[in-house]
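Encoded as structure tokens, the structure appears first; notes follow it.
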Amino acid sequence: MLNMKSSPYSLYQEKQKQRYLILFMLILLLVFVAIVSVFTGNYHLTFFESIRALFKVTDNTSHDVLIWQMRLPKTIIAIIAGAGLSISGCIMQTCLKNDLASPSTLGITSAATFGANLSIILLSTSALSISIFKSLTYLTSLFAFLFSIVVVLIILSLSKLKSFTSQTIVLAGIAMNSLFQAFTTMIQYFANQVTLSAAIFWTFGDLSRGNWQEIIILFIIIIPIFIFFIMKSWDYNSLSSGEDLATSLGVKVNRLKFVSILFAALITSVCVSFLGMISFIGLLAPHISKKIFGKNHSILIPASAITGSVILVLADILSRTIIKPIVLPVGAITSLIGASLFLYLLIKGSKKHENGR
Amino acid sequence: MKMDVNDLSFAYGKDHILNSISFSVEEGERLIIIGNNGVGKTTLLKCLNQMLEPKKGLITFNDINLNTYSHKELAKLMAYVPQSISYTEQNVFETVLLGRKPYINFQPSINDYLKTETIINQLSLQHLALKNTNQLSGGERQKVAIARALNQESKIILMDEPTANLDIKKQLELSDFIIDISSKNKIMMIISMHDINLALRIGTKFLVLKESNIYAFGDKSIITKQLINDVFNVNSKTVYDNDTLHFIYE
């Protein structure tokens with residue numbers, strides 16, 4: 001019994017306990033930043049006014065609207081979209097065996113943007129008025145989705161080619177990125193001023209665009225996919241040790257990769273189509289989580305989700321407070337942080353090569 | 001327990017890699033596949049494991065065709081130790097636990113954890129249990145990979161160049177380690193190698209490939225100076241030391 005304490009299993013259990021404790025603290029952090037997010041903004045509410053509005057016991061309808069129609073949905077959207085974008089990045093990284101894979105670096109986000117721009121500009125030129133425009137927002141989302149799927153299919157078929165390594169996939173993604181940005185610029189060139197500003201405004205990632213209806217749709221899409229990813233976490237663990245090995249462990253690798261990347265892209269495109277460009281969450285959050293929690297997906301996936309939520313809620317708070325009263329697009333904030341990290345990873349990665357044993 | 005390979009051929013497009021390969025392996029045997037780099041040793045292993053689909057030929061285990069096995073059944077029958085093990089931020093315990101994958105539906109059971117512990121203890125890897133695999137040395141990494149394969153509780157283990165990229169001392173250690181576990185666990189092993197002397201140390205049966213074909217198949221006696229000259233294109237001398245045959249290249 002003496003060596004029970006230091007047996008590999010008990011050591012491992014100890015380690016897992018530590019990890020779950022950190023995960024729990026991360027959840028507390030998320031709750032905290034979410035509360036801060038609901039309570040901060042340009043219109044100053046006292047703590048008690050906010051609480052009363054939150055529990056619907058206020059007489060002041062403007063407070064009620066502020067909390068229930070603006071701040072609360074915005075915060076919830078930040079939580080779900082942050083989690084969704086992050087897990088989709090995490091899964092793409094595992095399936096393509098590249099830590100730099102993410103919806104934005106693979107060009108999925110720009111393809112969705114192109115789709116949205118196309119639908120906004122095409123619809124307006126076909127003389128549809130702005131009023132029915134509103135009812136067609138889901139058409140914009142549909143276009144965004146379709147184009148992101150096109151990119152996913154291209155990426156998947158490229159990854160099947162023998163000459164494509166996990167490194168070249170990201171290069172292909174960068175090419176795809178420029179390609180769709182070029183397409184977007186071209187169609188924007190032919191748009192008139194009103195639609196152009198609508199289209200450009202759309203590309204700014206903005207969390208306040210969604211409301212309860214979007215929240216429900218995001219939930220309906222992200223929760224089942226999240227559960228699917230968690231269910232498959234041991235398949236992903238096998239896959240991250242190599243495709244051949246995963247096959248020899250009984251994993252149907254091709255099918256798993258296809259379904260997973262498709263689901264990941266679905267999450268991305270729905271988020272992007274509702275909220276615009278919110279880049280780099282899918283790169284930033286899984287990277288941080290891997291450093292803290294390791295690559296066991298049964299804890300990495302939930303950890304990435306919560307990290308993503310925390311980052312997006314924080315980015316949203318920042319966007320509202322950096323240069324008050326102006327509200328910056330949250331996508332700009334996440335890109336700012338994410339792109340810096342991307343560069344850092346590249347530099348660190350190349351250093352590792354130089355010092356390789 | 002018997003595995004038969006009958007008239008197996010494989011090609012990438014028009015590029016013929018393996019041509020009409022036939023051999024058989026029995027319980028407790030260690031078959032070493034010998035040949036130059038690029039001759040198709042890895043391809044042959046991957047065909048055996050159904051990772052690659054052969055152009056023609058039949059592979060049976062106890063007279064049952066392997067392509068009637070499901071992915072999971074096959075994983076329970078055969079484990080694979082690839083040549084380059086990708087090392088990630090998974091620790092050794094998690095890596096060995098991965099061997100239980102064919103038995104895991106959603107999350108590992110207590111039984112899976114306990115089996116993992118037993119294997120780690122059995123192979124004396126306790127001190128490494130919480131180390132990430134990317135912090136291990138080449139020899140340790142190979143042992144962990146073999147531990148994972150053993151944890152799969154399969155009847156056959158395929159190994160692709162397990163001693164490549166190791167120091168000489170580690171090569172010998174690992175060879176003895178492989179002999180030890182195969183005789184203790186009565187596991188059939190099929191191992192690809194290009195070092196003749198190490199092959200002679202480990203193997204009980206030999207399959208020599210040359211230009212996509214079988215050059216020879218049989219026990220130790222088939223490995224001769226003539227064979228080394230024909231297959232590897234080098235002249236050699238033989239040295240007997242403690243009744244073991246060694247080849248010295250000229």
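Numbered from 1 within each chain, the chains take letters A, B, ... in sequence-line order. All figures in this text were calculated on a predicted structure; none of them were measured in a lab.
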Open item on the list: With chain A as the partner, which of B/N49, B/V92, B/L74, B/L97 has the greatest number of non-hydrogen pairs under 4.5 Å?
Closed with: B/L97

TODO: Apply side chain to side chain contact (heavy atoms under 4.5 Å, CB included) to B/S182 and list each qualifying residue two or more places apart in sequence or on a separate chain.
DONE: B/R30, B/M189

Open item on the list: If only side-chain N and O atoms count, and only distance matters, is there a donor-acceptor pair under 3.5 Å linking A/K232 with A/N237?
Closed with: no

- [ ] Establish, from distance only, whether the side-chain atoms of A/T307 and A/S304 form a donor-acceptor pair under 3.5 Å.
- [x] no

TODO: Give a yes or no on this: more than 12 heavy atoms of other residues, nucleotides or ligands lie within 6.0 Å of atom NZ of A/K252.
DONE: no

Task: Option in A/D235, A/T247, A/L249 with maximal non-hydrogen atom pairs under 4.5 Å from chain B - done: A/L249

Open item on the list: Heavy-atom pairs under 4.5 Å with chain B: which of A/Q13, A/R19, A/E14 has the most?
Closed with: A/R19

Open item on the list: So, using side chain to side chain donor-acceptor pair (under 3.5 Å) as the criterion, who are the partners of B/K169 when residues are at least two apart?
Closed with: B/E173

Task: Pairs of heavy atoms under 4.5 Å with chain A: top-ranked of B/Q126, B/Q50, B/Q107, B/H127 - done: B/Q107

Open item on the list: Please determine whether the number of non-hydrogen atoms from other residues, nucleotides or ligands lying under 6.0 Å from atom NZ of B/K170 exceeds 12.
Closed with: no

Open item on the list: Does atom CD1 (B/I168) have a neighbourhood of more than 12 heavy atoms from anything else shown, all under 6.0 Å?
Closed with: no

- [ ] Can you check whether anything in residues 283-292 of chain A gets within less than 4.5 Å of chain B, heavy-atom wise, and list it by number?
- [x] A/K290, A/K291

- [ ] Using the test salt bridge (Lys or Arg N to Asp or Glu O under 4.0 Å), find all partners of B/K46 that sit at least two apart in sequence or belong to another chain.
- [x] A/D244

Task: Side chain / backbone / both / neither for B/A129 at chain A, heavy atoms under 4.5 Å - done: side chain

TODO: Name the member of A/N296, A/V253, A/L245, A/V251 that forms the most heavy-atom pairs with chain B at distances under 4.5 Å.
DONE: A/L245

TODO: Could you tell me which of B/I120, B/L130, B/N105 has the largest number of non-hydrogen atom pairs under 4.5 Å with chain A?
DONE: B/L130

Task: Under 4.5 Å from a heavy atom of chain A, the part of B/F106 involved - done: both

TODO: List the atom of A/A303, the atom of A/L26, and the distance in Å for their closest heavy-atom pair.
DONE: O-CD2, 4.1 Å

TODO: Count the heavy-atom pairs under 4.5 Å between each of B/S70, B/P102, B/A79 and chain A, then report the option with the highest count.
DONE: B/P102

Task: Main-chain N/O of B/Q90 paired with B/T133 side-chain donor or acceptor, under 3.5 Å - done: yes

Task: B/L207 and its side-chain contact (heavy atoms from CB on, under 4.5 Å) partner, picked from B/V25, B/I32, B/L44, B/I34 - done: B/L44

- [ ] Against chain B, label A/I230 side chain, backbone, both or neither, depending on which of its atoms sit under 4.5 Å from a heavy atom there.
- [x] both

